[in-house]
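Within every chain, numbering begins at 1; the chains are lettered A, B, ... in the order of the sequence lines, protein sequences first and strands thereafter.
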Number of protein chains: 2
Amino acid sequence: MFNEIDLKILNILQENARTSNADLARAVDLAPSAVLERVRKLERRGVITGYAAHLSPPAVGLSLTAFTFVRVEEAVGATDTGRLLADLPGVLEVHYTAGAAAYLVKVRVADTAALAGLLREMGRIESVRDTNTTIVLETVKETAALPLNHHS
Amino acid sequence: MFNEIDLKILNILQENARTSNADLARAVDLAPSAVLERVRKLERRGVITGYAAHLSPPAVGLSLTAFTFVRVEEAVGATDTGRLLADLPGVLEVHYTAGAAAYLVKVRVADTAALAGLLREMGRIESVRDTNTTIVLETVKETAALPLNHHS
DNA sequence: CATGAAAGTCATCACGA
DNA sequence: TCGTGATGACTTTCATG
């Protein structure tokens with residue numbers, strides 16, 4: 001699906017999304033206009049889904065990370081509960097998981113009090129049976145950068 | 001720590017990291033030079049940690065997401081095992097968790113065969129006692145954008 | 001798909017209020 | 001901290017190979 005030039009562009013943009021088009025062009029040794037078209041095409045094809053600044057959670061007052069399993073009673077395949085969970089403030093990720101009908105929810109909040117409040121909100125959702133939370137003590141690695149290989 | 005102008009800048013950049021400085025300036029109604037200095041300051045203070053292009057995992061051949069709990073036998077507080085886990089290809093996140101001495105590892109791979117291979121790699125690490133994997137069927141929400149409030 | 005030229009726009013810096 | 005103004009670089013489009 002990609003040639004090596006596309007891969008190089010994707011890797012550079014994963015590392016620094018604010019790399020200028022001119023710098024990209026120099027890196028892959030193409031004219032800026034050619035690079036611009038490649039990037040646009042990658043965006044249009046849905047390969048690049050967006051560009052995000054990443055902030056330091058503690059720096060913005062979100063010092064507590066946790067993962068919560070939310071067991072639900074809902075028809076298999078339905079994700080209505082998931083969407084309700086996703087809308088709660090502090091919920092960054094909601095994954096519907098195999099096995100026990102449950103969502104795995106990644107949460108970032110200020111402190112344990114805020115976590116307690118968030119769990120209470122989750123419990124208020126009708127279809128939620130119970131929750132099981134694991135608090136993160138230390139994040140060793142956290143990236144959104146995907147490993148790209150040549151036969152992608 | 002932040003005033004409303006900084007918050008607005010941070011929110012815009014979380015949404016689109018490639019927003020030009022000139023557009024930022026128009027959005028917050030300041031001169032470009034003033035905005036540039038604010039952004040630089042936010043970077044230097046460690047509030048903004050980077051800018052990343054986000055790719056569609058299936059579009060690059062990574063269609064399987066999973067979370068693996070890795071129980072370890074290692075001194076409390078040590079994260080050597082965590083770093084070894086972090087270096088495995090396909091491992092996006094490694095969190096050391098409270099409770100049972102364990103890491104919660106977020107993984108993205110091509111398919112179940114690749115997952116099996118990755119789990120085998122994990123098992124090869126000496127300090128790893130066992131692993132427990134939950135496969136994601138559907139990701140309802142997945143963002144790195146942090147909710148910012150005015151008393152951050 | 002890539003190039004190169006042209007027009008408009010932007011990034012960046014020094015300076016002053 | 002901010003605005004102004006200058007300059008060199010960049011972005012983007014388009015005609016063309």
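- Under 4.0 angstrom from either OP1 or OP2 of D:dT1 there lies no side-chain N or O belonging to B:Arg40.
- Remark: the A:Ser20 side chain and the D:dT11 base include no donor-acceptor N/O pair separated by less than 3.5 Å.
- Look at CZ on A:Arg44: it is 11 Å from P on C:dC1, rounded to the nearest Å.
- Across the protein-nucleic acid pair, B:Glu4 atom CD and D:dT1 atom P stand 16 Å apart, rounded to whole Å.
- Scanning for side-chain hydrogen bond (donor to acceptor under 3.5 Å, both in side chains) contacts around A:Thr81 gives A:Glu74, A:Ser127, with sequence neighbours left out.
- Between the CG atom of B:Asp29 and the C1' atom of D:dT1 there is a distance of 15 Å, given to the nearest Å.
- In terms of position on DNA chain C, the residue among B:Leu36 and A:Arg38 whose nearest nucleotide sits closer to the 5' end is A:Arg38.
- Distances from the side chain of A:Asn21 to the nucleotides D:dG3, C:dT12, D:dT12 place D:dT12 closest.
- Distances were taken from every side-chain heavy atom of A:Lys41 (C-beta onward) to each of C:dT3, C:dC10, C:dC1; the shortest belongs to C:dC1.
- Using a 3.5 Å distance cut-off with no hydrogens or angles, the side chains of A:Asn3 and A:Arg38 do pair a donor with an acceptor.
- One interatomic measurement links the two molecules: CG of B:Leu30 to P of D:dC2, which rounds to 6 Å at whole-angstrom precision.
- Listed nucleotides C:dC1, D:dC2, D:dT4 differ in distance to B:Ser33; the shortest reach to its side chain belongs to D:dT4.
- Backbone-only contact: A:Ala31 has heavy atoms under 4.0 Å from sugar-phosphate atoms and none from a base.
- For the pair B:Ile5 CD1 and D:dC2 P, the computed distance is 6 Å after rounding to whole Å.
- Checked by atom type and distance alone, the side chain of B:Gln14 pairs as donor or acceptor with a backbone atom of B:Leu146 at under 3.5 Å.
- Linking Ile, Leu, Val, Met, Phe, Trp and Tyr residues whenever their side-chain heavy atoms come within less than 4.5 Å leaves B:Leu148 and A:Tyr51 in two separate clusters.
- In this structure, B:Leu24 places its CG atom 18 Å from P of C:dT9, rounding to the nearest Å.
- Cluster note: B:Met122 groups with A:Leu137, A:Val140, B:Leu64, B:Val70, B:Val72, B:Leu84, B:Leu85, B:Leu88, B:Val91, B:Val94, B:Tyr96, B:Tyr103, B:Val105, B:Val107, B:Val109, B:Leu115, B:Leu118, B:Leu119, B:Ile125, B:Val128, B:Ile135 through ILVMFWY side-chain heavy atoms spaced under 4.5 Å, whether in direct contact or through intervening members.
- To the nearest angstrom, P of C:dC1 lies 13 Å from CZ of A:Phe2.
- In this structure, B:Glu37 atom CD and D:dC2 atom P are separated by 7 Å, rounded to whole Å.
- Comparing A:Val35 and B:Asp23 along DNA chain C, the residue whose closest nucleotide (by nearest heavy atom) sits nearer the 5' end is A:Val35.
- A:Arg26 has a side-chain polar atom (N or O) that falls below the 4.0 Å cut-off from OP1 or OP2 of D:dC10.
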